[in-house]
> 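For reference, the structure I am asking about is given below.
Quick note on labels: first sequence line is chain A, next is B, and so on, each numbered from 1.
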Amino acid sequence: MSSVDLRVEIAGLELANPVMTASGTFASGREFADFVDLSRLGAIVTKGVSLVPWEGNPSPRMAETASGMLNSIGLQNPGVEAFRERDLAWLAGSVPGLPVIVNVSGHDLAGYVGVIEALEDEPGVSGYELNISCPNVDAGGMAFGTDCAAAAEVTAACRAVTARPLIVKLSPNVTDIVSVARSVEAAGADAVSLINTLLGMAIDTSSFRPKLARVVGGLSGPAIKPVAVRMVWQVASAVEIPVIGMGGIMTADDAIEFMLAGATAVAVGTANFVDPTSTVRIVDGLAEFCHAHGVGCVSDLVGAVDVS
Amino acid sequence: MSSVDLRVEIAGLELANPVMTASGTFASGREFADFVDLSRLGAIVTKGVSLVPWEGNPSPRMAETASGMLNSIGLQNPGVEAFRERDLAWLAGSVPGLPVIVNVSGHDLAGYVGVIEALEDEPGVSGYELNISCPNVDAGGMAFGTDCAAAAEVTAACRAVTARPLIVKLSPNVTDIVSVARSVEAAGADAVSLINTLLGMAIDTSSFRPKLARVVGGLSGPAIKPVAVRMVWQVASAVEIPVIGMGGIMTADDAIEFMLAGATAVAVGTANFVDPTSTVRIVDGLAEFCHAHGVGCVSDLVGAVDVS
Amino acid sequence: MTTGHDCACAHRAVPPALENVTVVANERLAEGVGLLVLDAPRAASSVAPGQFVHLRVARGADFLLRRPFSVHRAHGERIEILYQVLGTGTRALADKAPGDRMDLLGPLGTGWSIPEGIAHALLVAGGLGAAPLGMLAEELAGRGVAVTVAAGAPCEERLIGRELFERVARRFVPATDDGSCGARGLVTGVCEPLLAEGSFDMVYTCGPEVMQRIVAVQSASADVPCQVSLERLMACGIGACLSCVVRTTRGVRRACVDGPVFPAEEVLWDPAESPDTH
Amino acid sequence: MTTGHDCACAHRAVPPALENVTVVANERLAEGVGLLVLDAPRAASSVAPGQFVHLRVARGADFLLRRPFSVHRAHGERIEILYQVLGTGTRALADKAPGDRMDLLGPLGTGWSIPEGIAHALLVAGGLGAAPLGMLAEELAGRGVAVTVAAGAPCEERLIGRELFERVARRFVPATDDGSCGARGLVTGVCEPLLAEGSFDMVYTCGPEVMQRIVAVQSASADVPCQVSLERLMACGIGACLSCVVRTTRGVRRACVDGPVFPAEEVLWDPAESPDTH
Ligand SMILES: Cc1cc2nc3c(=O)[nH]c(=O)nc-3n(C[C@H](O)[C@H](O)[C@H](O)COP(=O)(O)OP(=O)(O)OC[C@H]3O[C@@H](n4cnc5c(N)ncnc54)[C@H](O)[C@@H]3O)c2cc1C
Ligand SMILES: Cc1cc2nc3c(=O)[nH]c(=O)nc-3n(C[C@H](O)[C@H](O)[C@H](O)COP(=O)(O)OP(=O)(O)OC[C@H]3O[C@@H](n4cnc5c(N)ncnc54)[C@H](O)[C@@H]3O)c2cc1C
Ligand SMILES: Cc1cc2nc3c(=O)[nH]c(=O)nc-3n(C[C@H](O)[C@H](O)[C@H](O)COP(=O)(O)O)c2cc1C
Ligand SMILES: Cc1cc2nc3c(=O)[nH]c(=O)nc-3n(C[C@H](O)[C@H](O)[C@H](O)COP(=O)(O)O)c2cc1C
Ligand code: FES
Ligand code: FES
């Protein structure tokens, strides 16, 4: 299988393979080191990082649904300083050379820009993913991702302070994701990633209470895959920049579906909770699939869906 | 269990219980007569009817997904005349007294209005549901449902030609479903029903072809329930008119979740394909639940979710 | 001569029902092919040749919908299903053990039409297309109709249904891709000379759609009426969802209730199933 | 005296792993309560008292995520799990038969801390709270620590874990709602007088959160350090998703890795679990 070329390129960043971690589902990798050889990942995308520490939302923060889960973590994180000292330092020491994409959160423009500025001198950062699509915070988050002008504004502001690869993560909770993707492309994004979670809710019929303390939360997992594949296909057909696809990827076959739809790389999220070895299992599966189908370069799959 | 009052009222129409059929999943009832005592339904909502016959989309029109299915039927129907002669006549003869809601489709304003005009003299029609949210037709359909002004316009035009209960069926493929709901309320809708299917896509990784001939289709079933419950809760909190909730209802417990979120009635769709007796099973389950929880009137559940 | 498709078929008298059934046996016939025997008294007593059952194979994420399977044989309180492992549902079917229970909806669909007075029928099976032809062969033989079966498969051991056909048919004409049994090549290759013999008054066929289409053309050329059994993705199986449509000269029809058996001359074949594209 | 929670616990040396395990026995103990014995050599040899395993109970729509269960006992190559049937996952667990296979992630979490030199420990179990206290009682007894167990349940037959506790503990003090065994009333009712005896140097408790909270207050009043074991909804079980947080004096912590056992004095109790609201 060594003959299959799994490399892909995102915004000038070469990845050994297209499999990344979905932000917030893999922490900064350390928790998975017992299960996964982290150096085999295409890239690690960290949990969302904000300028100052965020406490996140009250519990319960999670509920299982049919083929999916709701979460309302609320971007709990210790802030960019602690992130730099603990997570980046650990990654640099333990998995040198692994591309690290920092997922950036903010309540306002200055918040996003501040995180990037705080990390610009860090050699261990390969690029940024702007989370303008988190449904679990009151200010910022999804509000930026559901409005073209706001999405463009935050993208442009971040673009102004970094030359590093800048990925913008889009919200699926919109009428027209293509317009948002085009707006951030025009504002300087090097790539888009999609989808973040769908806004959902579940109610416990015995207590009459919402299953999440925050009432609503983000739906992820296999349940959302058809929506995600559709959006990746729509966006990839409309923009020039690469698309990173995610939403319910559990197997290599799922990853291939996203690549055929137009994703240059993919991210694995909820699957990590079910099987902590999911990421490398999918890397292996991609190689096997290419081998079996006579595909020499995995990148040949990108956008290869036949809609004729 | 005879002590539980299952009646609910939608737009002046009294239903024996809150369980309706979701349009397009129950035809006009005839196909289910072998399995279900149709007179036990709260109401029947027919398959979408258009002014002239529609052929629907090419095959394959269906694909299974994790806890869901995609369809791209495309509102195939024999047109309002044939509908009147075959379906309405059969319903009047076989299930007299069963409330019949006609689901109305159109490619343009005149199409919607025309169907209603053609049925205004039919005594067997109890009300209309305007489908402004079908993702499976090129013109009309979802285009009306994703724009507040267009949604209001078609509602107003239909309102002008009928005094019967007018339900508008909303699309979930929008940034802000509350605004659309408010627009159709202001334009004269007596009730809103939601959700129609989420736009999705699936690709066969062995043939590299989309699983649906039309490429994209509508996602239904348990997978979408959290999105549907969230939207019902948002809309019910924002409008005065009753809400009919649907999306992934398989059991009485699911139906109760929708009612707690604010739905006055519910509709059962995809579940009919899995178990053709789903509707009456859910009616029975509602009565049992109310009995077990000391709820005298099922309508006491409406909006009873405790978000304090 | 008409294919008699408008006759009031006997099975119409028995409406479909939900039935809890029990696995009696589950036998591997070849790599990826199995024979499932179900204790299903109601379906067994009411099914007509060519009808199918809609099985709730398992419950869970990958099993929201039922799966349609033709009834291969019905005897006593039992029905037999031939299945090919393709995806999650048929994989789960292969794992069933005696005693396991399932839920079945059936019998469904319009099966083969057997017009009064036919004397010699040609049955053409491609691979698992043998499934709905088993009951038919038995029924025809029982009615005194002479039966010739042409069956195609990749190799001898994949000639599914062979024993039944050899038992009830006057003639069994196999064709295998590798020549390990009968003629080397496709079943359509043996079908044409058989039709040229001129003795058949009805052709029944099931198998890959492109094969059925060729058989339909061959039958038309030989001026013999032909019935085909078409596979479509099915959600409801009872005529409500319109997933399973077949374009015909009589309009868009539902494979689950108007079919799966259709008179070949009525079918407007899907261009994707043209022999040229295969 | 410290609860010793910062010590380098022995089990930290063994990282968690995925393990394919086999059901050895599955016994019904009371209505809706079962004891599952798993052949799980790796987990059995590495688990510490108070740790848990994350089980992939089944696959399918209702089973996307794993379910966390405390290890009640570990002996030889086997672990025992006490479970209460609540929802789809535990219902599926009740249906498991010997020979069935599952996939386990573990051992996980930070279990009970056993500081050097403690002489007499009080274990307070509410209902299924007995689960993580089983291994602990055995371990303490093995180390020569005197163990008193107070256990509460609705009625005698639901006093889960009784045999084990009666075997290894010096004293077993039951309390039942209906008085069918021991004191009538809540376990917190027997706990207070026990603590008043003044002989304990550590309290370990598990059960409904509101009960643990009362035990924590009672222990603090009696000036005895107390450890609690908290249940949270868990997605990953390994510290990555932040589903399972517990608010503590040391900040927001994760029940799956920093817990489930916490020193009671560090826990900032959830207002929803206040005894007043129950
Ligand atoms: C009337 C009829 C009779 C049939 N009789 C037989 C038979 O006797 N023996 C046999 O082996 N097969 C038969 N089939 C095909 C059989 O239904 C499919 O092979 C089976 O559904 C595949 O299920 P899966 O879960 O393994 O595949 P998956 O691909 O995992 O299934 C996903 C979905 O696609 C549907 N699907 C996939 N392939 C087909 C197909 N070829 N036809 C219809 N639906 C499909 C499934 O029902 C399911 O909804 C018949 C189909 C029809 C329509
Ligand atoms: C560290 C820890 C140890 C545990 N040890 C035991 C034990 O030894 N014996 C025992 O019977 N139970 C134990 N539980 C609780 C047990 O995990 C739940 O009862 C079980 O997950 C319920 O699953 P279900 O599918 O039956 O319920 P469902 O309500 O159908 O499950 C839906 C989802 O909610 C989660 N969930 C539901 N209830 C709980 C709960 N009380 N705690 C955590 N997650 C829940 C499930 O894991 C699943 O993700 C423990 C929980 C934790 C956190
Ligand atoms: C528990 C959890 C936490 C998440 N946290 C973040 C986050 O911090 N930043 C972000 O951009 N996305 C976050 N996401 C969204 C995921 O990165 C991903 O977009 C989404 O879950 C869909 O992928 P999946 O179905 O594979 O999980 C989170 C998702 C989950 C389930
Ligand atoms: C096969 C199929 C056909 C449908 N046809 C229609 C239709 O004609 N008109 C309409 O308003 N909705 C139609 N719908 C949408 C359903 O009425 C319902 O809104 C949706 O399926 C969500 O409910 P469910 O998850 O219970 O199926 C259709 C859905 C399916 C699955
Ligand atoms: S499968 Fe639903 S109409 Fe045929
Ligand atoms: S369960 Fe994921 S962090 Fe604890």
> What part of B:Leu301 gets closer than 4.5 Å to chain A, counting heavy atoms only: side chain, backbone, both or neither?
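B:Leu301 touches chain A through side-chain heavy atoms alone.
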> In terms of heavy-atom pairs under 4.5 Å with chain A, which of B:Gly221, B:Ser207, B:Ala202, B:Ala292 leads?
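Winner by heavy-atom pair count: B:Ala202.
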> Looking at A:Ala63, A:Gly200, A:Ala223, A:Pro226, which has the largest count of heavy-atom pairs under 4.5 Å with chain B?
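Option with the top pair count is A:Pro226.
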> By a 4.5 Å heavy-atom criterion (distance strictly below it), what part of B:Val229 contacts chain A: side chain, backbone, both, or neither?
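Both parts, backbone and side chain.
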> Which answer fits A:Val305, side chain, backbone, both or neither, if we ask what part of it has an atom under 4.5 Å from a heavy atom of chain B?
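Both the backbone and the side chain of A:Val305 come within 4.5 Å of chain B.
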> Rounded at 0.5 Å granularity, tell me how far CG in A:Asp204 sits from CG in B:Asp253.
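These two atoms lie 8.5 Å from each other.
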> Among B:Leu198, B:Thr205, B:Ile224, which residue has the highest count of heavy-atom pairs closer than 4.5 Å to chain A?
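Top option by heavy-atom pairs under 4.5 Å: B:Thr205.
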> At a heavy-atom distance under 4.5 Å, which candidate from B:Pro222, B:Pro210, B:Ser206 has the highest pair count against chain A?
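Counting heavy-atom pairs under 4.5 Å, the top option is B:Pro210.
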> Looking only at atom types and distance, does a side-chain atom of A:Arg230 sit under 3.5 Å from a main-chain N or O of B:Val215, one as donor and one as acceptor?
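It does not hold such a pair.
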> With a 4.5 angstrom heavy-atom cut-off, could you sort out which part of B:Phe289 is near chain A: side chain, backbone, both or neither?
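Just the side chain, heavy atoms under 4.5 Å.
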> Could you look at B:Val216 and say if it's the side chain, the backbone, both or neither that has a heavy atom under 4.5 Å from chain A?
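Interface part for B:Val216: side chain.
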> Which atoms of B:Ser308 come close to chain A, meaning under 4.5 Å heavy atom to heavy atom: side chain ones, backbone ones, both, or neither?
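Contact with chain A is through both the backbone and side chain of B:Ser308.
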> Measure A:Leu260 against the heavy atoms of chain B and call it side chain, backbone, both or neither at under 4.5 Å.
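Contact with chain B: backbone and side chain both.
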> Tell me, for B:Leu199 versus chain A, whether the close heavy atoms (under 4.5 Å) come from the side chain, the backbone, both or neither.
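Contact with chain A involves both backbone and side-chain atoms of B:Leu199.
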> Which atom pair, heavy atoms only, marks the closest approach of A:Glu257 to B:Met201?
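Taking A:Glu257 first and B:Met201 second, the nearest heavy atoms are OE2-O, 4.2 Å.
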> Dump the intermediate steps for side-chain contact (heavy atoms from CB on, under 4.5 Å) on B:Ile203 and A:Trp233, then the final yes or no.
CA-CA 10 Å; B:Ile203 301 172; A:Trp233 180 67; 5.8 Å; no
